[in-house]
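Step one of this worksheet: look at the structure below.
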Amino acid sequence: MPGTRKKLIRGDTRNLLLGLLFISPWIVGFFLFLVYPVLSNFHLGMTQYSGFGAPEWIEFQNYIQLFKDPLFWTSLYNTFYYVILAVPLGVVVAIGLAIAMNQRVREVAWYRVILYLPSVAPVFALSMMMIWLLNPRFGLFNYILSWVHIPAINWLGDPRWSKLAIVLVAQFGAGHIGLIFLAALRAIPPSLYDAASLDGASQWRKFCHITLPLLTPTILYDIIIGLGLGLQVFAPAYIMTAGGPLNSTMFTALYIYKNAFEYNQVGLAAAVSGILFIINATLAIVVFWSSKYWVNYHLE
Amino acid sequence: MNSALIWPADRQSLLETRKQLVSRLFLIVTCLFYLSPMYWMLVTALKSDTELAQFPPTLWPHELAWQNFDQATRTFPFLSYLGNTIFYAVVTVIGSVLSNFVIAYGFSRIRWPGRDLLFYPVIASIFIFVQFPVNPITMVPMFSFFAGLGLVNSFLPLVLPTFFGNPFFIFLFRQFMLQIPISLSEAARLDGANEFQIMGRIILPLTRPALVVVALLAGVNAWNDFLGPLIYLQNDKLYTLSLGLTFFRTMHRIQFNLMMAASCLVVLPVIVVFFCFQRFFLEGVTLGSGK
């Protein structure tokens, strides 16, 4: 019946237009606030631009200058150091928190609230607290370490420890992702554990062969989000160490910020942002691609 | 449980109690660690200058120096920064709730060709940019863009993008709206309601929990934003509390008790909101992570 078919197509077009109308703010936002700046990074990255006047086209000069700047390489090294440390640690801590929040004790709801709480606190305030908490002379951390006879550590003043201090700040925000892991834990059917118990499996074996495989989708999510957050880490380093000591916390985001807003090297900063985007997108895609080898979608 | 068949009852309960004891110990130690920054902030805020310089540090102040709070709020224009922060948060909440609700509606309640394909960029942007609207990848061109429009030193670069959708919130709303039976919309359509009426009268009331979650998360995000204000608000009359706090960091001799007192005041509203709406925060997480 040609009549009904025509009607159906007309309905489709109407729905298409209606749908596009509803999502139109996102389309505008996507192009204006994400696509445009990403492309602009590569365009601005080829110019000498101080933020005032007109950008001057200099082709690949910024990139050549970057590759010769040891501080640029230091910032990349620091950022990767941070990511390699913070992302796996973040996954372990989050799973640990989820298991803690899943304990069968009466007042567990209170523990959940407490463990989640620091992740809603502002990172800048948490960083302020950490400056004082990690103070080499009067800080609580060193005081507690002194109980077990560990000599005072100059957390924020010693290049060997400064990155670790910033990794530590991130762990206080793990309650959020921990809660996502908790939801995944609770979605695992108890019958699986019961069956394993009947077969005499130990707690550890049950964790490795039932829990962990079924948490892999959440682990994938955590790794990708952690990757982005790690590659873009800014506020804790800006507030706690300002990139020091000896540039040991000069992360790429801080390097971008300083060039763009303190040294008026906007073109150079854009070039770095472009490189950061490529690194971030590539790693996210690689992790996604790898997921088919290790992520278990069995329960979904 | 199964093991009750194997163990006699008293042995079973003994085992349970011991297991619970270990669990509790583990939980309490973890919680103490997670509370330590806030605890130390509060304790430090209440210490006098002399007690602050003591070693070993006292774990609770001998006398409570409440005047620190008064002094901290006079060290920087606290009330005006508080006003700016509230303004930023409120406008962000309005923008986020309005835009993401409508966008997610288009992504879930209307069937149109290409809908699910167009949702991929939403997911992809979550995974690549993670932080919205201001992040280190896009901040340089966005700053140039807003500077070109003469909008630096206003809240517009911070709040305008919130009216154009946030992928996290779109995802969260969409998950929620997909769970509402499509037959509700179809029945209303048969009754002659148009899409806007269905959205306003049927879907909106049913989406209330998600609306609260998005409002809370958007508000807290704005309150906690540091990078955005740092870049766009260079006039100190417009500073938010996040920028105001850094003033204590740049002082010649940092007065940690005042710095922590100020931090307390900045963090307190977030904690109060969190405790009042903790159910929404905790459930909101799973709402967004739904498979």
Side-chain angles (χ1 to χ4, degrees), chain A residues 12 15-16 18-19 22-23 25-26 28-30 33-34 37 40-41 44 100 103 105 111-118 120-122 124-126 128-129 132-133 138 140 143 172 176 179-180 183 194 197 224-225 228-229 232 234-235 239 253 256 260 266 269-270 273 276-277 280-281 284 300, chain B residues 2 20 23-24 26-27 30-31 34-37 40-41 44 55-57 99 102-103 105-107 110-113 115 121 125 127-131 133 135-138 140-142 161 164-165 170 195 220 224 226-227 242 245 249 256 259-260 263 266-267 270 274 278 282 285-286 289 291:
Chain A
D12 261 7
N15 276 348
L16 175 68
L18 207 56
F22 276 85
I23 69 159
W26 171 74
V28 173
F30 181 71
F33 301 122
L34 296 178
S40 177
N41 271 329
L44 266 181
Q103 295 300 315
V105 289
Y111 299 127
R112 277 181 205 158
V113 168
I114 291 172
L115 295 175
Y116 187 77
L117 183 64
V120 290
F124 66 83
L126 216 52
M128 293 278 181
M129 295 172 210
W132 181 232
L133 207 62
F138 304 106
L140 181 65
Y143 177 52
F172 279 106
H176 179 81
L179 213 57
I180 298 180
D194 292 344
S197 300
I224 293 191
I225 295 290
L229 285 176
Q232 299 175 28
F234 177 82
I239 291 168
I256 296 172
V266 178
S273 307
L276 186 61
F277 169 77
N280 202 338
E300 309 240 344
Chain B
N2 279 343
Q20 285 210 344
S23 299
R24 282 213 170 89
F26 172 55
L27 276 162
T30 318
C31 283
Y34 270 77
L35 280 177
S36 64
W40 203 234
M41 168 180 77
T44 308
F55 192 86
S99 67
V102 173
I103 295 165
Y105 189 92
F107 272 122
I110 307 168
R111 269 186 233 280
W112 46 278
R115 181 185 86 179
S125 47
F127 289 149
I128 291 173
F129 298 95
V130 186
Q131 302 167 87
N135 62 59
I137 292 176
T138 59
V140 175
M142 282 330 294
F164 292 89
I170 297 173
E195 211 57 55
V220 169
N224 293 355
F226 180 75
L227 184 57
S242 55
L245 266 194
R249 182 83 179 94
F256 281 104
M259 180 167 136
M260 289 298 110
S263 300
V266 176
V267 176
V270 183
F274 173 68
Q278 40 151 310
L282 299 189
V285 170
T286 31
S289 77
K291 292 170 207 147

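Naming: A, B, ... by sequence-line order, numbering from 1 per chain.
- Of the residues considered (A/Val105, A/Ile114, A/Leu16, A/Leu140), A/Leu140 shows the highest number of contacts with chain B, using heavy-atom pairs under 4.5 Å.
- Interface remark: B/Phe107 contributes backbone and side-chain atoms alike to the contact with chain A (heavy atom separation under 4.5 Å).
- Note on A/Ala269, A/Ala260, A/Ser197, A/Ala121: by heavy-atom pairs under 4.5 Å with chain B, the leading option is A/Ala121.
- For A/Leu126, the part sitting under 4.5 Å from any heavy atom of chain B is the side chain, from C-beta outward, and nothing else.
- In this structure, chain A has a heavy atom under 4.5 Å from the side chain of B/Phe256, while its backbone stays farther away.
- Among the candidates B/Ser263, B/Pro161, B/Ser125, the residue making the largest number of heavy-atom pairs closer than 4.5 Å to chain A is B/Pro161.
- If you measure heavy-atom distances from A/Ala281 to chain B, the contacts under 4.5 Å come from both the backbone and the side chain.
- Highest contact tally toward chain B, considering only A/Val28, A/Asn280, A/Leu133, A/Ile256, is held by A/Leu133 [criterion: heavy-atom pairs under 4.5 Å].
- The aromatic rings of A/Phe234 and B/Phe226 sit tilted relative to each other, their planes meeting at an angle between 30° and 60°.
- Within the 4.5 Å cutoff, the side chain of A/Gln103 has no heavy atoms near those of the B/Gln20 side chain.
- The minimum heavy-atom distance between A/Ala284 and B/Phe127, with the atom names listed, is CB-O, 4.4 Å.
- Within the 4.5 Å cutoff, side-chain heavy atoms of A/Trp132 are placed close to those of B/Met260.
- A/Ser273 places none of its side-chain heavy atoms less than 4.5 Å from the side chain of B/Thr138.
- Looking at A/Leu44, only its side chain comes within 4.5 Å of chain B, counting heavy atoms on both sides.
- Taking CZ of A/Phe30 as the start and CD1 of B/Ile103 as the end, the distance is 12.5 Å to the nearest 0.5 Å.
- The candidate with the highest count of non-hydrogen atom pairs below 4.5 Å against chain A, out of B/Pro121, B/Pro141, B/Gly165, is B/Pro141.
- Between B/Asn224 and A/Val120 the shortest heavy-atom distance is ND2-O, 2.8 Å.
- Within the 4.5 angstrom heavy-atom criterion, only side-chain atoms of B/Val220, from C-beta onward, approach chain A.
- At a 4.5 Å heavy-atom cutoff, the contact between B/Ile110 and chain A is made by side-chain atoms alone.
- For the set B/Ser36, B/Pro56, B/Ser242, B/Pro113, the count of heavy-atom pairs under 4.5 angstrom toward chain A peaks at B/Ser242.
- Expressed to the nearest 0.5 Å, how far CD1 of B/Ile137 lies from CG of A/Leu276 amounts to 4.5 Å.
- Side-chain N or O atoms of A/Asn15 include one that pairs as donor or acceptor with a backbone N or O of B/Arg111 at under 3.5 Å.
- Looking at every heavy atom in both residues, B/Phe26 comes nearest to A/Ala100 through CE2-CB, 3.6 Å.
- Between chain B and the options A/Phe277, A/Tyr143, A/Phe172, A/Tyr116, heavy-atom pairs under 4.5 Å are most frequent for A/Phe172.
- With contacts defined as side-chain heavy-atom distances shorter than 4.5 Å, the pair B/Val267/A/Met129 qualifies.
- Both the backbone and the side chain of B/Phe129 come within contact range of chain A, with heavy atoms under 4.5 Å apart.
- Proximity to chain A (any heavy atom under 4.5 Å) is shown, for B/Pro133, by neither the backbone nor the side chain.
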